[in-house]
Amino acid sequence: MLSVKSLLLAALASVAYAAPACQPSATPTIPKTGGATELPVPAANLVLKKIALGHGIQNYTCANTSATGVSQGAVAVLYDVTSFYPGTAKSGIVQKIWDEAPGLVLKLKSLPLNIKTGSKYGADPAKPFPKPEDLKVAGFPVAKFLGHHYFDAAGTPMFDLNAVGLQASVTKLLGVDAPAKADKGPLNTGAVAWLQLGDSGKGLSKGLSQVYRVITAGGAAQSCAVAGAGVHSVPYTTYYWFY
Ligand SMILES: *[C@@H]1O[C@H](CO)[C@@H](O)[C@H](O)[C@H]1NC(C)=O
Ligand SMILES: *[C@@H]1O[C@H](CO)[C@@H](O)[C@H](O)[C@H]1NC(C)=O
């Protein structure tokens, strides 16, 4: 029969054995495009709250077939991938999969939006978002539904992380071109710029003050000669880092 002392020793031994697996998480670092200019690193006082994978559409308006598409809002569903960050103890995924996930999701998953009747990628303006669902894609851990990205009635970009009670109403601070090797998306138009977004000053943010958009895939405008006059939608995915 085991004595109390040997049980205690066994318990201590199992704690010591478990310890090496309990390493501190890697500190997530904003990636670099490798281009001539990079987004500024987040200020030292900013705290990373969430990393999301966003999947949706970028909208553009063409005045006519010889114009250039003008950005006109976006809608996307956000999934929580914070704990998948490479190097995170137990739940981190390998760097290559992390880097390729936006392109893979764009290729493998249909848009998580209510598609407007008669349109290929346009969302239903009255009700763009279906019932929240987690993101399940082969080779990637299940990513929990986190919230929605859309432009509010005043045309201000909004991130509503309703699953965790965070919100960011933002304005663009800076943008840099996505790397040339970035995934060009299903319309082969290229990847939208990487962005640093700051608070809009409208008093609509909750617990967030900055958002970075990095490792974009797809989303760049079609040529108006191809898209025609009016609004067109281009599928995209990206990571959003919330501070
Ligand atoms: C097309 O739209 C652009 C931008 O609004 C305008 O500058 C241009 O004159 C228009 N061209 C034609 C042929 O209507
Ligand atoms: C984006 O454009 C599509 C048409 O392609 C439209 O159905 C949708 O409501 C638009 N959404 C936004 C946010 O502008």
Side-chain angles (χ1 to χ4, degrees), residues 52-79 102 105-107 109-133 135 145-163 166-173 175 178 183-202 204-206 208 211-213 216-240 242:
L53 196 149
H55 185 195
I57 53 172
Q58 293 284 331
N59 271 2
Y60 299 94
T61 310
C62 287
N64 53 57
T65 53
S66 49
T68 302
V70 175
S71 176
Q72 142 106 17
V75 285
V77 176
L78 307 171
Y79 304 97
V105 169
L106 190 56
K107 236 174 244 111
K109 300 296 291 183
S110 51
L111 282 168
L113 302 173
N114 292 325
I115 298 301
K116 195 172 67 170
T117 315
S119 151
K120 186 155 189 210
Y121 299 124
D124 178 350
K127 193 176 183 292
F129 298 115
K131 184 168 82 47
E133 271 182 38
L135 173 68
F145 171 83
L146 185 60
H148 293 139
H149 172 45
Y150 57 91
F151 281 49
D152 69 15
T156 308
M158 170 66 89
F159 295 90
D160 179 7
L161 280 52
N162 52 57
L166 297 170
Q167 203 161 289
S169 167
V170 299
T171 186
K172 181 176 156 181
L173 298 179
D183 192 290
K184 292 182 169 52
L187 295 174
N188 205 34
T189 49
V192 279
W194 294 21
L195 301 177
Q196 181 198 25
L197 305 161
D199 187 71
S200 67
K202 295 187 170 181
L204 298 171
S205 297
K206 285 183 213 153
L208 296 173
V211 183
Y212 279 67
R213 179 174 86 180
T216 53
Q222 280 186 297
S223 110
C224 290
V226 174
V231 181
H232 71 271
S233 303
V234 185
Y236 83 109
T237 51
T238 190
Y239 288 120
Y240 290 108
F242 296 98

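Computed from heavy atoms alone, side chains included, the values below leave out hydrogens, waters and symmetry copies. Note that ligands are numbered from 1 as they come in the structure, with each ligand's atoms numbered from 1 the same way.
- At least one heavy atom of G122 sits closer than 4.0 Å to an atom of ligand 2.
- Ring-plane geometry between H148 and F145 is classed as perpendicular, the angle between the planes exceeding 60 degrees on a 0 to 90 degree scale with a lower cut at 30.
- Heavy atoms of other residues, nucleotides or ligands lying less than 6.0 angstrom from NZ of K202 number more than 12.
- Near S233, meaning under 4.0 Å from any of its heavy atoms, are these atoms of ligand 2: 1 (C), 2 (O), 3 (C), 4 (C), 5 (O).
- When only non-hydrogen protein atoms are considered, atom 14 (O) of ligand 2 lies nearest to N59 ND2, 2.7 Å.
- For atom 11 (N) of ligand 1, a protein non-hydrogen atom is found at a distance below 4.0 Å.
- Looking at heavy atoms from C-beta onward, H55 lies in side-chain contact with L106 at the 4.5 angstrom threshold.
- Checked for salt-bridge contact, D183 and K107 meet the test: a charged N lies under 4.0 Å from a carboxylate O.
- The two residues N114 and K127 have their closest heavy-atom pair at ND2-O, 2.8 Å.
- Distances from ligand 2 to the non-hydrogen atoms of A123 include at least one value under 4.0 Å.
- Of all atoms in ligand 1, listed by their number and element, those nearer than 4.0 Å to a heavy atom of A67 are 2 (O).
- The closest non-hydrogen atom to atom 6 (C) of ligand 1, taken over T61, T65, N64, T68, comes from N64.
- Considering backbone and side-chain N/O of D124, none are found under 3.5 Å from N/O of ligand 2.
- One distance of note links CZ of F242 with CG of L161; it measures 4.5 Å at 0.5 Å rounding.
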Check the pair Q72, Y60 against side-chain hydrogen bond (donor to acceptor under 3.5 Å, both in side chains), reporting the backbone distance first and the verdict last. CA-CA 5 Å; Q72 142 106 17; Y60 299 94; over 6 Å; no
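- Nearest protein neighbour of atom 13 (C) of ligand 1, counting heavy atoms only, is S66 OG, 3.9 Å.
- With V211 as reference, L197 is the one residue of D199, L195, L173, L197 to meet the side-chain contact (heavy atoms from CB on, under 4.5 Å) rule.
- Less than 4.0 angstrom separates some heavy atom of Q72 from each of these atoms of ligand 2: 14 (O).
- Residue K116 has at least one heavy-atom neighbour below 4.0 Å for each of these atoms of ligand 2: 4 (C), 7 (O).
- Counting atoms of ligand 2 from 1 in the listed order, those under 4.0 Å from a heavy atom of V231 are 2 (O).
- Looking only at heavy atoms of the protein, atom 4 (C) of ligand 1 is closest to A63 CB, 4.1 Å.
- Ring planes of H149 and F151: tilted class, angle from 30 to 60°.
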